[in-house]
Asks: 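I am attaching a structure below and will ask some questions about it afterwards.
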Amino acid sequence: MNISFENKVALVTGAGSGLGLATARAFAASGAAVVLADWDEASVHAAAAQLTSEGHKALGLRCDVSDDAAVEDLVAQTVARFGRLDAAYNNAGVQNALAETADATREDFDRVTSVNLRGVWSCMKFELQQMRKQGSGAIVNCSSLGGLVGGAERGTYHAAKHGVLGLTKSGALEYAARGIRINAICPGLIWTSMAEQMAASGQADALDAMLKSVPMARYGRPEEIADMVLFLCSEASSYVTGQSISVDGGFVMR
Ligand code: ADP
């Protein structure tokens, strides 16, 4: 199975922590030159410096994906530094403020959708402009379990993540005959700093309740998300496009 990224260039947004960081590491370990983007500048610079010190090609850039011009510049800087763009994982995301729909605010709706939905759209737009020129490329968008089911007090987040699947399928149709594949992943309950923070802030019971719904009875590891992203960006999935793959220990089949 060919999942080498030797001589390939990968871009990961939200690469400062969690799933994005694990995926950037996996791309680097598979031979790619990697651009790590996050609005938290310190975290991406530290991560890129660490990868570089391990002998990988890595560049850390600050980018707020809700800012179109910043995303355009991110892709331009990627191409200026490494010459092309072969794989992109659009992962940057935020959570909504928990509130039932009657109490949710317009401000929170705009904040969440500007990153989780419009941010993915912007990333796709500028990545595809480059990939279209090349006539090749693979994009993976980070949706969520929340892109497949409803969630009380999480309507805004779930709506944005459902929307990511619409962008994924539509883009996949547009570019299927032009050498570019676009897929999405739907992570379930993954042990990241967010879960750690929930556990530390008295929400351990909520986490336990969610864990009870996972048929595999454990959290996923960020590396297990990274493996799926690399598979979907690699030649090993060369006939796969427009799909959403759940990586959730069996959660959605219940
Ligand atoms: P997980 O742990 O599941 O990966 P996080 O919320 O920790 O989830 O990770 C999301 C990443 O996306 C974080 O590194 C965060 O800084 C980043 N991020 C959030 N909003 C933006 C944004 N507007 N632009 C770029 N990166 C963002």
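All of these numbers come straight from a predicted model, not from anything done at the bench. Ligands are counted one by one from 1 in listed order, and the atoms in each one are counted from 1 as well.
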Asks: Listed by chain and number, what are the side-chain contact (heavy atoms from CB on, under 4.5 Å) partners of His45, not counting sequence neighbours?
Replies: Glu41

Asks: Does Asp110 come within less than 4.0 Å of Arg106, counting only side-chain N to carboxylate O?
Replies: yes

Asks: Find the distance between CG (Leu85) and NZ (Lys133) and round it off to the nearest 0.5 Å.
Replies: 11.0 Å

Asks: Please list, chain by chain and in numerical order, all residues satisfying side-chain contact (heavy atoms from CB on, under 4.5 Å) with Asp40, sequence neighbours excluded.
Replies: Asp38, Ala42, Ser43

Asks: Are Arg132 and Glu174 within salt-bridge range, i.e. N to O under 4.0 Å?
Replies: no

Asks: Between the protein and ligand 1, are there any N or O atom pairs that come within less than 3.5 Å of each other, and if so, what are their names and distances?
Replies:
residue: ligand 1; atom: 2 (O); partner: Thr192; partner atom: OG1; Å: 3.1
residue: ligand 1; atom: 4 (O); partner: Leu19; partner atom: N; Å: 3.0
residue: ligand 1; atom: 7 (O); partner: Ser17; partner atom: OG; Å: 3.3
residue: ligand 1; atom: 14 (O); partner: Ser17; partner atom: OG; Å: 3.0
residue: ligand 1; atom: 14 (O); partner: Asp38; partner atom: OD2; Å: 2.6
residue: ligand 1; atom: 16 (O); partner: Asp38; partner atom: OD1; Å: 2.6
residue: ligand 1; atom: 16 (O); partner: Asp38; partner atom: OD2; Å: 3.4
residue: ligand 1; atom: 16 (O); partner: Trp39; partner atom: NE1; Å: 3.3
residue: ligand 1; atom: 23 (N); partner: Asp64; partner atom: OD1; Å: 2.9
residue: ligand 1; atom: 24 (N); partner: Cys63; partner atom: O; Å: 3.3
residue: ligand 1; atom: 24 (N); partner: Val65; partner atom: N; Å: 3.0
residue: ligand 1; atom: 26 (N); partner: Trp39; partner atom: N; Å: 3.3

Asks: Quick one: which residue pairs count as a ring-ring contact (aromatic ring centres under 6.0 Å, His included) with a foot in residues 188-222, not counting sequence neighbours?
Replies: Trp191-Tyr219

